[in-house]
Asks: 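Dropping the structure in here first, questions after.
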Amino acid sequence: PNLIQLFGLMTHGSKLAFDPRTHRRATQRYQRLQFIHAAAGLLHDQPVEETTQRILEHLQNALKVMELARGQMELARLAQAGSTLEQLDGHTRHWLSEVLGTEKYQSIQAKAIQEIPTQDRETILRVLGRRLQNEAYRVTLVRSISNQWIDYLTQMEALRISIGLEAYGQRDPLVQYKSRATDLFKTLLGNIRLDVIGNLFRVQTGALPTSSGAQPAGVAPSAQGAASAPGNQAQPHPSGKKKRRRH
């Protein structure tokens, strides 16, 4: 049953759409594979263990490809923005220092991305990709646990209210409550696993955070401080009330 559910998640996807009736953003499901029965026929005579192992290997290879793709995108973003490695957050800098070595990292941390040797850039690419991939894991797992945990608590509350009716059927409510609560918890763990697998390849992560006070090169300080300039702030009225500006 788990393999069938996993195959069902892989054959369908979801995308953002516009609902013309409510004028709101909605999620629209679509079908990725059009020949589900033909694909199931090819897997009919295959051993379950072998098919499961092939699917797991395919998913693991896909995660590695996504990790490299995330690293390439982040490295290209840093190069385009003219940023350096020392402008990244402390956790990423610690990873880079451990992988590259403290001496080598200190020698290239202030250089532009284009000036770093190719071999070191490949190492940085893998570190950035692993960092972003771990962030994707964290976001997917936390979001999945939060959503499924709310449903689980709702079901437990409904069970607590209705479990007293088991006495009318000559059954001990306490025994029935323990049994059903155990089943609900097992279902919760299974739903979390399915939700994580279904969303792991669709989650989108942002850019890596930068250290506090670090500004990317090429960004003029006046552009960031324009909002806090004295001329752009509302001046307080002497009476303590805001003065309405007339156009």
Side-chain angles (χ1 to χ4, degrees), residues 1-17 19 21-22 24-33 36-37 39-41 43-67 70 91 130-206 209:
N2 294 334
L3 183 60
I4 296 176
Q5 293 176 353
L6 178 60
F7 185 75
L9 289 174
M10 295 173 61
T11 56
H12 292 80
S14 60
K15 61 181 180 180
L16 294 178
D19 190 354
R21 185 174 60 86
T22 60
R24 293 182 178 179
R25 186 177 63 178
T27 303
Q28 181 181 2
R29 291 182 59 83
Y30 66 95
Q31 191 172 1
R32 291 197 184 101
L33 302 180
I36 301 177
H37 297 286
L43 298 175
H44 180 68
D45 297 330
Q46 298 293 329
V48 177
E49 294 79 7
E50 181 181 352
T51 304
T52 304
Q53 185 64 28
R54 291 173 58 187
I55 292 177
L56 291 177
E57 291 178 357
H58 174 74
L59 295 178
Q60 290 175 356
N61 292 332
L63 289 176
K64 293 180 180 178
V65 172
M66 290 182 61
E67 181 177 319
R70 294 181 192 276
H91 191 62
R130 193 181 309 119
R131 178 84 166 86
L132 288 173
Q133 192 73 1
N134 289 341
E135 182 67 17
Y137 293 156
R138 187 189 67 82
V139 170
T140 305
L141 187 60
V142 170
R143 185 182 304 170
S144 212
I145 291 177
S146 300
N147 296 336
Q148 298 297 332
W149 184 253
I150 293 175
D151 296 339
Y152 170 74
L153 293 181
T154 304
Q155 295 174 0
M156 288 296 296
E157 181 65 20
L159 177 63
R160 186 186 65 82
I161 295 175
S162 61
I163 197 62
L165 299 176
E166 294 291 336
Y168 291 99
Q170 303 299 320
R171 291 186 292 267
D172 188 358
L174 181 59
V175 175
Q176 295 298 319
Y177 180 82
K178 291 181 179 179
S179 176
R180 295 189 184 183
T182 303
D183 294 339
L184 287 177
F185 187 75
K186 293 180 179 178
T187 304
L188 168 67
L189 297 180
N191 291 337
I192 290 176
R193 294 190 184 98
L194 288 176
D195 195 34
V196 168
I197 294 175
N199 295 322
L200 186 59
F201 297 92
R202 296 196 295 265
V203 65
Q204 297 181 359
T205 58

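Quantities reported herein were computed from a predicted structural model and do not represent experimental measurements.
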Asks: To the nearest 0.5 Å, what is the distance between CG (Asn61) and CG (Leu56)?
Replies: 11.0 Å

Asks: side-chain contact (heavy atoms from CB on, under 4.5 Å) with Glu166: which residues, sequence neighbours excluded?
Replies: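 Glu166 satisfies side-chain contact (heavy atoms from CB on, under 4.5 Å) with Ile163, Arg171, Gln176, Arg180 once adjacent residues are dropped.
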
Asks: Just jot down the side-chain contact (heavy atoms from CB on, under 4.5 Å) partners of Asp151, sequence neighbours excluded, or say none.
Replies: Gln148

Asks: Taking only residues two or more places apart in sequence, or in another chain, which ones meet Glu157 in a side-chain contact (heavy atoms from CB on, under 4.5 Å)?
Replies: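 Listed in chain order: Arg160, Ile161.
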
Asks: Going by the rule side-chain contact (heavy atoms from CB on, under 4.5 Å), which residues pair with Val142 if we only count those two or more places apart in sequence or in a different chain?
Replies: Arg138, Ser146

Asks: Scan for side-chain hydrogen bond (donor to acceptor under 3.5 Å, both in side chains) pairs involving residues 181-193, sequence neighbours excluded, and state none if there are none.
Replies: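 Those involving residues 181-193 do not exist here.
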
Asks: Check Gln155 against Leu184 and note the closest heavy-atom contact, atom names and distance.
Replies: OE1-CD2, 3.2 Å

Asks: Using salt bridge (charged side-chain N to carboxylate O under 4.0 Å, His left out) as the criterion, list what pairs up with Arg131, not counting sequence neighbours.
Replies: Asp89

Asks: Please collect all ring-ring contact (aromatic ring centres under 6.0 Å, His included) contacts where either partner lies in residues 135-158, sequence neighbours excluded, each pair once.
Replies: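 Applying ring-ring contact (aromatic ring centres under 6.0 Å, His included) to every pair that reaches into residues 135-158, excluding sequence neighbours, yields Trp149-Tyr152.
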
Asks: Under the rule for ring pair (Phe, Tyr, Trp, His ring centres under 6.0 Å), what residues qualify as partners of Tyr177, not counting sequence neighbours?
Replies: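 Once residues adjacent in sequence are excluded, Tyr177 has no partner under the ring pair (Phe, Tyr, Trp, His ring centres under 6.0 Å) criterion.
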
Asks: Restricting to side chain to side chain donor-acceptor pair (under 3.5 Å), what partner residues turn up for Glu50, sequence neighbours left out?
Replies: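 By the side chain to side chain donor-acceptor pair (under 3.5 Å) rule, Glu50 matches no residue at all.
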
Asks: Which value, rounded to the nearest 0.5 Å, describes the distance between Met66 atom CE and Gln133 atom CD?
Replies: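 Atom-to-atom, Met66:CE and Gln133:CD are 5.5 Å apart.
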
Asks: Would you compute the distance between atom CG of Asn134 and atom NE2 of His91 and round it to the nearest 0.5 angstrom?
Replies: 7.5 Å

Asks: Using modelled atom types only, decide if a donor and an acceptor are shared between the side chain of Ser162 and the backbone of Ala158 within a distance under 3.5 Å.
Replies: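 Yes: the side chain of Ser162 pairs with the backbone of Ala158.
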
Asks: About how many Å separate OG1 of Thr140 and CD1 of Ile192, when rounded to the nearest 0.5 Å?
Replies: 13.0 Å

Asks: Which residues satisfy the side chain to side chain donor-acceptor pair (under 3.5 Å) test with Arg54, sequence neighbours excluded?
Replies: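 For Arg54 there are no side chain to side chain donor-acceptor pair (under 3.5 Å) partners, ignoring immediate neighbours.
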
Asks: Please name all residues satisfying side chain to side chain donor-acceptor pair (under 3.5 Å) with Ser144, sequence neighbours left out, ordered by chain then number.
Replies: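 Side chain to side chain donor-acceptor pair (under 3.5 Å) list for Ser144, sorted by chain: Asp195.
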
Asks: Heavy-atom distance under 4.5 Å between the side chains of Glu67 and Leu63, does that happen here?
Replies: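 They are not in side-chain contact.
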
Asks: Rounded to the nearest 0.5 Å, what's the gap from CG on Asn199 to CG on Leu194? Could you check?
Replies: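 Those atoms lie 10.5 Å apart.
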
Asks: Could you tell me which residues satisfy side chain to side chain donor-acceptor pair (under 3.5 Å) with Arg143, sequence neighbours excluded, listed by chain and number?
Replies: none

